Amino acid sequence: NAGVTQTPKFRILKIGQSMTLQCTQDMNHNYMYWYRQDPGMGLKLIYYSVGAGITDKGEVPNGYNVSRSTTEDFPLRLELAAPSQTSVYFCASSYSASGRAYEQYFGPGTRLTVT
Amino acid sequence: TQLLEQSPQFLSIQEGENLTVYCNSSSVFSSLQWYRQEPGEGPVLLVTVVTGGEVKKLKRLTFQFGDARKDSSLHITAAQPGDTGLYLCAGGGVNAGGTSYGKLTFGQGTILTVHP
């Protein structure tokens, strides 16, 4: 049981390039999320999904796209990378533990630098 | 927009000391979770509290959810170097018929350093 896995672990992009951050979970969780973490800023929600084929925007979606074709996979696409997208990206999945609390399980993160 | 304010932002203490981290908001949350994150890794869930006034203990860590479900605290007794890390609180949206979709609002974090 690997939990949530993310690839790559590190990446350097040039301005204007594109890339896809991969995320896979093997816990059969319906809900999945993408966050970015900047120093001193906590975690900001980029996109989330409540199941295969269903995605929605979070707090900071501009410059990103997602898809969810299977329960396991939730890739994040960066189009036309900009320096403002330099950050650490975390994927997470969750289930409803008690009907009111959704405990999230995080991947190890992808550190992205755009220069 | 729901906001969570964590304080202090930085905490540097000696081994054996006690400490408290606070998480405050003007919004009501359905649940409050605390995560711990080590450098180069993702956050790991420590505890979830869902009832106003609830207190949970995890070894030397004590978590409390405010009566009005707007605030929470994390107290560590006799801190050890192994407690060093980033502590994050996260509030779950008020769940009206299951429409929150598990989205969490995170505080900005408290960086704790415990010196031997």
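All values reported here derive from a predicted model rather than from experimental measurement. Here is how names work: the chains are called A, B, and so on, in the same order as the sequence lines, proteins then strands, and each is numbered from 1.
- Hydrophobic cluster membership is shared by B/L61 and B/I13, with clusters built from Ile, Leu, Val, Met, Phe, Trp and Tyr side chains linked at under 4.5 angstrom.
- Heavy-atom contacts from other residues, nucleotides or ligands closer than 6.0 Å to NZ of B/K57 number 12 or fewer.
- Taking B/G109, B/G42, B/G107 one by one and counting their heavy-atom pairs under 4.5 Å with chain A, the maximum is reached by B/G42.
- From B/L88, atom CG reaches atom CZ of A/F106 across 8.0 Å, with rounding to the nearest 0.5 Å.
- By the criterion of side-chain heavy atoms lying less than 4.5 angstrom apart, applied directly or through intervening Ile, Leu, Val, Met, Phe, Trp or Tyr residues, A/V88 is not grouped with A/V114; the two fall into different hydrophobic clusters.
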Let me have the donor-acceptor pairs involving side chains of residues 71-86 of chain B, under 3.5 Å, with sequence neighbours excluded, atom names and distances please.
{"unit_1": "B/S72", "atom_1": "OG", "unit_2": "B/W34", "atom_2": "NE1", "d": "2.9"}
{"unit_1": "B/S72", "atom_1": "OG", "unit_2": "B/Q64", "atom_2": "O", "d": "2.7"}
{"unit_1": "B/H75", "atom_1": "ND1", "unit_2": "B/L19", "atom_2": "O", "d": "3.1"}
{"unit_1": "B/H75", "atom_1": "ND1", "unit_2": "B/T20", "atom_2": "OG1", "d": "2.8"}
{"unit_1": "B/D83", "atom_1": "OD1", "unit_2": "B/R60", "atom_2": "NH2", "d": "3.0"}
{"unit_1": "B/D83", "atom_1": "OD2", "unit_2": "B/R60", "atom_2": "NH1", "d": "2.9"}
{"unit_1": "B/D83", "atom_1": "OD2", "unit_2": "B/R60", "atom_2": "NH2", "d": "3.1"}
{"unit_1": "B/D83", "atom_1": "OD2", "unit_2": "B/Q80", "atom_2": "N", "d": "2.8"}
{"unit_1": "B/T84", "atom_1": "OG1", "unit_2": "B/P81", "atom_2": "O", "d": "3.0"}
{"unit_1": "B/T84", "atom_1": "OG1", "unit_2": "B/V114", "atom_2": "N", "d": "3.0"}

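- At a threshold of 4.5 Å between side-chain heavy atoms, the hydrophobic network of Ile, Leu, Val, Met, Phe, Trp and Tyr places B/Y22 and B/F106 in two separate groups.
- For the residue pair A/Q37 and B/Q37, a side-chain donor N or O sits within less than 3.5 Å of a side-chain acceptor on the partner.
- At a 4.5 Å heavy-atom cutoff, the contact between A/L45 and chain B is made by side-chain atoms alone.
- Under the 4.5 Å side-chain heavy-atom criterion for Ile, Leu, Val, Met, Phe, Trp and Tyr, A/V66 and A/I46 are members of the same hydrophobic cluster.
- For B/Q9, the part lying near chain A is the side chain, with the backbone staying farther off; criterion is any non-hydrogen pair under 4.5 Å.
- Close approach to chain B, defined as a heavy atom under 4.5 Å from one of its heavy atoms, is seen in A/K9 of residues 8-16 of chain A, taken by number.
- Cluster annotation: A/M32 is connected to A/Y64 through the hydrophobic network of ILVMFWY side chains, with a link wherever side-chain heavy atoms come within less than 4.5 Å.
- For the set A/N30, A/V4, A/V50, the entry with the most heavy-atom pairs within less than 4.5 Å of chain B is A/V50.
- To the nearest 0.5 Å, atoms CD (A/Q104) and CG (B/L104) are separated by 4.0 Å.
- With rounding to the nearest 0.5 Å, the separation of OH in B/Y35 from CD in A/E103 is 7.0 Å.
- In this structure, the side chain of A/Y31 does not engage the main chain of B/K103 through any donor-acceptor pair within 3.5 Å.
- Heavy-atom distances place the side chain of A/Y35, and not its backbone, under 4.5 Å from chain B.
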